[in-house]
> 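Handing you this structure, nothing more for now.
Counting starts at 1 for both ligands and their atoms, in listed order. Start at 1 with the first residue, then count along the sequence.
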Amino acid sequence: MARVAFIGLGVMGFPMAGHLAKAGHEVTVYNRTRAKAEGWVAKHGGRLAATPAEAAAGAALVFSCVGDDPDLRVVTLGPDGSFQATAQGAIHVDHTTASAGIARELAAEAAKRGFAFLDGPVSGGQSGAENGALTVMVGGDAAAFERARPVIAHFARAVTLMGPAGAGQLTKMVNQICVVGVVQGLAEAIDFGLRAGLDMKLALEVISKGAANSWQMENRGRTMIEDRFDFGFATDWMRKDLGICLAEGARNGAALPGTRMIEGFYREIQAMGGGRWDSSALIRRLRKA
Ligand SMILES: NC(=O)c1ccc[n+]([C@@H]2O[C@H](COP(=O)([O-])OP(=O)(O)OC[C@H]3O[C@@H](n4cnc5c(N)ncnc54)[C@H](OP(=O)(O)O)[C@@H]3O)[C@@H](O)[C@H]2O)c1
């Protein structure tokens, strides 16, 4: 069993770190809002650190799951950041959805300091984190990946090395481009069906047996019909992710016309006060019209 650190105990990090503790690892946690870390230690045992550097000191594996590029920069390269104390030969696995650029930068910086950095964004949402069934797409050094894989597997259903540093984040971008297209299609279909007077729960039950089925239809169709969005993956995070996709598209020449349009729809949801609504709330702008 390894000594591990976990930085960022949000919706995702809290249960992910919990799986590591349940598997018998010695876990030290850090969270910016200390009360969450205290709650985690009360539930799972382990140790609480006052800074990311304190958490990372002496750990063989350092995990992080924070919000965005700037947050990741603070918890790694900041004055109290984990990189100041990560041991030579250790591995940092970052599960934040961030840019490929920062993943490459942190991997290079880690290599200079004698440890490895893997970008490992996840999909599967809050329930995937709680059930230990996330999909993890990893970029970075293959030997470090092989050493980290069995530990990551405590909270994952699939852990795959996609290529060099940044390849995990690029794969997550592909994932998000797919997801928002499906969510917008589902929103339009449900709005259309309700206006047509159909029993939409029955309609989704029927068509989910065929080619229209999707994770979104199975997990979000019913709640979209019921106008419930107080759970799941926040609209603010989705807009952040689409911003990362569009910036990468501007670099690699992908036009992303649908993604660009839907990013604008999410901006409208934020203006409606829905920043923390689940990202399936796209239907709300159609229902209000
Ligand atoms: N939720 C999902 O379904 C889902 C699915 C796939 C991927 N993701 C990605 O996973 C990441 C985390 O998502 P989440 O839903 O767990 O978010 P969240 O609940 O908002 O948690 C974010 C975590 O990051 C910490 N944090 C943010 N900024 C920080 C900073 N500047 N310094 C130190 N700590 C900071 C927060 O600390 P505080 O407690 O102090 O705020 C919190 O622990 C995001 O990149 C998201 O896009 C989320």
Side-chain angles (χ1 to χ4, degrees), residues 5-19 29-41 48-56 62-84 93-100 102-103 106 119-138 152 155-158 168-169 171-180 183 215-216 219-220 223 229-245 263 266 275-281:
F6 208 109
I7 298 163
L9 303 171
V11 167
M12 301 298 281
F14 193 105
M16 290 160 81
H19 286 292
V29 292
Y30 165 79
N31 195 70
R32 177 179 59 182
T33 306
R34 192 181 167 89
K36 278 192 211 168
E38 286 169 351
W40 190 94
V41 170
L48 189 156
T51 65
E54 192 185 312
V62 180
F63 292 89
S64 52
C65 189
V66 293
D68 198 353
D69 282 26
D71 308 325
L72 180 57
R73 195 176 288 287
V74 168
V75 300
T76 52
L77 298 177
D80 294 321
S82 62
F83 275 32
Q84 313 304 345
V93 186
D94 175 50
H95 295 297
T96 309
T97 302
S99 69
I102 196 170
L106 292 179
D119 50 299
V122 301
S123 80
Q126 184 175 359
S127 61
E130 286 167 356
N131 300 329
L134 292 170
T135 296
V136 187
M137 28 217 135
V138 182
I152 301 173
F155 48 75
R157 180 167 55 190
Q169 296 296 353
T171 308
K172 175 71 183 183
M173 292 174 213
V174 171
N175 184 82
Q176 298 305 71
I177 293 164
C178 291
V179 164
V180 295
V183 173
W215 185 98
Q216 299 295 337
N219 293 279
R220 295 289 183 266
T223 47
F229 305 102
D230 56 343
F231 57 87
F233 184 59
T235 284
D236 285 342
W237 284 152
M238 184 58 96
R239 243 205 100 196
K240 177 260 298 183
D241 289 3
L242 296 185
I244 291 170
C245 296
E263 195 265 344
Y266 277 116
R276 286 305 285 189
W277 297 344
D278 180 70
S279 50
S280 59

> Which of the atoms in ligand 1, numbered in the order shown and given with their element, are less than 4.0 Å from a heavy-atom of K172?
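Ligand 1 atoms under the 4.0 Å threshold to K172: 6 (C), 7 (C).
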> Side chain of N31, backbone of L9: donor and acceptor closer than 3.5 Å?
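Between the backbone of L9 and the side chain of N31 there is a qualifying donor-acceptor contact (under 3.5 Å).
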> Are any side-chain N or O atoms of W40 and backbone N or O atoms of F14, one a donor and one an acceptor, separated by less than 3.5 Å?
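Yes: the side chain of W40 pairs with the backbone of F14.
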> I'd like to check which ligand 1 atoms, numbered from 1 as shown, lie under 4.0 Å from a non-hydrogen atom of D71.
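Listed by number with element, the hits are 27 (C), 28 (N), 29 (C), 30 (C), 31 (N).
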> What verdict does the side chain to side chain contact (heavy atoms under 4.5 Å, CB included) test give for Q169 and D94, after you've listed the backbone C-alpha separation in whole Å, the side-chain angles of each residue and the deciding distance to 0.1 Å?
CA-CA 10 Å; Q169 296 296 353; D94 175 50; 4.3 Å; yes
> Between M12 and ligand 1, does any nitrogen or oxygen pair lie at a separation below 3.5 Å?
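For ligand 1, there is an N or O atom that lies under 3.5 Å from one belonging to M12.
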> Under 3.5 Å between some N or O of ligand 1 and some N or O of L9?
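For ligand 1, there is an N or O atom that lies under 3.5 Å from one belonging to L9.
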> Considering only heavy atoms of Q126, which atoms of ligand 1 have at least one such atom less than 4.0 Å away?
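This gives 3 (O) as the contact atoms.
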> Nearest 0.5 Å, please: how far is OG in S82 from CD in E54?
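The OG atom of S82 is 13.0 Å from CD of E54, to the nearest 0.5 Å.
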> Heavy atoms, side chains only, cut-off 4.5 Å: are V183 and M238 in contact?
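A side-chain contact is absent here, since even the closest heavy-atom pair is not under 4.5 Å.
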> What atoms of ligand 1 come closer than 4.0 angstrom to any heavy atom of K36?
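Checking each atom against K36, I get 38 (P), 39 (O), 41 (O).
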> Can you name the atoms of ligand 1, numbered from 1 with element, that are less than 4.0 Å from a heavy atom of V75?
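Numbered from 1, ligand 1 contributes 32 (N), 33 (C).
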> Using a strict cut-off of 4.0 Å, indicate which atoms of ligand 1 neighbour a heavy atom of T97.
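Taking each heavy atom of T97 in turn, ligand 1 has 7 (C), 9 (C), 45 (O), 47 (O) under 4.0 Å.
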> For atom 45 (O) of ligand 1, which protein heavy atom lies nearest, and how many Å away is it?
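Looking at atom 45 (O) of ligand 1, the protein heavy atom closest to it is G67 O, 2.8 Å.
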> Test your reading of the model: is there a side-chain donor-acceptor pair from T235 to the backbone of W277, 3.5 Å cut-off?
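Confirmed, T235 side chain pairs with W277 backbone.
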> Could you tell me the residue and atom name of the protein heavy atom closest to atom 4 (C) of ligand 1, and the distance to it rounded to 0.1 Å?
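Minimum-distance protein heavy atom for atom 4 (C) of ligand 1 reads F233 CD1, 3.4 Å.
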> Measure the distance from atom 21 (O) of ligand 1 to every protein heavy atom, then report the residue, atom name and distance (to 0.1 Å) of the closest one.
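Nearest neighbour among protein heavy atoms for atom 21 (O) of ligand 1, to 0.1 Å: G10 CA, 3.3 Å.
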> When you measure from atom 6 (C) of ligand 1 to each heavy atom in V122, D68, D278, which option holds the nearest one?
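The option holding the nearest heavy atom is V122.
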> Would you please determine whether S123 falls within less than 4.0 Å of ligand 1 on a heavy-atom basis?
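Contact check S123 vs ligand 1: negative.
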> Quick test: of every protein heavy atom, which one is nearest to atom 24 (O) of ligand 1, and how far off is it to 0.1 Å?
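Ranking protein heavy atoms by distance from atom 24 (O) of ligand 1, first comes V66 CA, 3.2 Å.
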> What residue and atom, counting heavy atoms only, is the protein's closest point to atom 14 (P) of ligand 1, and at what distance?
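Looking only at protein heavy atoms, the one closest to atom 14 (P) of ligand 1 is W237 NE1, 3.7 Å.
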> Looking at every heavy atom in both I102 and A98, which two are closest together, and how far apart are they?
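Distance-wise, the nearest heavy atoms are CG2-CB, 3.9 Å.
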> So, taking the atom named CD in E263 and the one named CD in Q176, what distance separates them when rounded to the nearest 0.5 Å?
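Between atom CD of E263 and atom CD of Q176 there are 13.0 Å.
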> Without swapping roles, check the side chain of D119 against the backbone of A100 for a donor-acceptor pair under 3.5 Å.
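Side chain of D119 to backbone of A100: no pair is present.
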> Show which atoms of ligand 1 fall inside a sub-4.0 Å distance from at least one heavy-atom site of G8.
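Listed by number with element: 43 (O).
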> Return yes if some donor-acceptor pair links the side-chain N/O of H19 with the main-chain N/O of A156 below 3.5 Å, else return no.
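No.
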> Counting non-hydrogen protein atoms only, what is the nearest one to atom 36 (C) of ligand 1? Give residue, atom name and distance.
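Going atom by atom, the protein heavy atom closest to atom 36 (C) of ligand 1 ends up being R32 NH2, 4.1 Å.
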> Which residue owns the protein heavy atom closest to atom 19 (O) of ligand 1, what's the atom, and how far is it?
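Answer for atom 19 (O) of ligand 1: V11 N, 2.9 Å.
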> Kindly confirm or rule out an N or O of T33 lying under 3.5 angstrom from an N or O of ligand 1.
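Yes: some nitrogen or oxygen of T33 is under 3.5 Å from one in ligand 1.
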> For the pair D278 (side chain) and A234 (backbone), establish whether a donor and an acceptor sit closer than 3.5 Å, ignoring hydrogens and angles.
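Side chain of D278 to backbone of A234: no pair is present.
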> Short list, please: which atoms of ligand 1 are under 4.0 Å from a heavy atom of K240?
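That gives atoms 44 (C), 45 (O), 46 (C), 47 (O) of ligand 1.
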> Hey, what's the ring geometry for H95 with F155, parallel, tilted or perpendicular (30° and 60° as the breaks)?
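H95 and F155: perpendicular rings.
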> Report the nearest protein non-hydrogen atom to atom 37 (O) of ligand 1: residue, atom name, distance rounded to 0.1 Å.
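Answer, as residue, atom name and distance: N31 OD1, 3.7 Å.
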> Do you know the tightest heavy-atom contact between Y266 and S279?
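Heavy atoms only, the tightest pair is OH-O, 2.8 Å.
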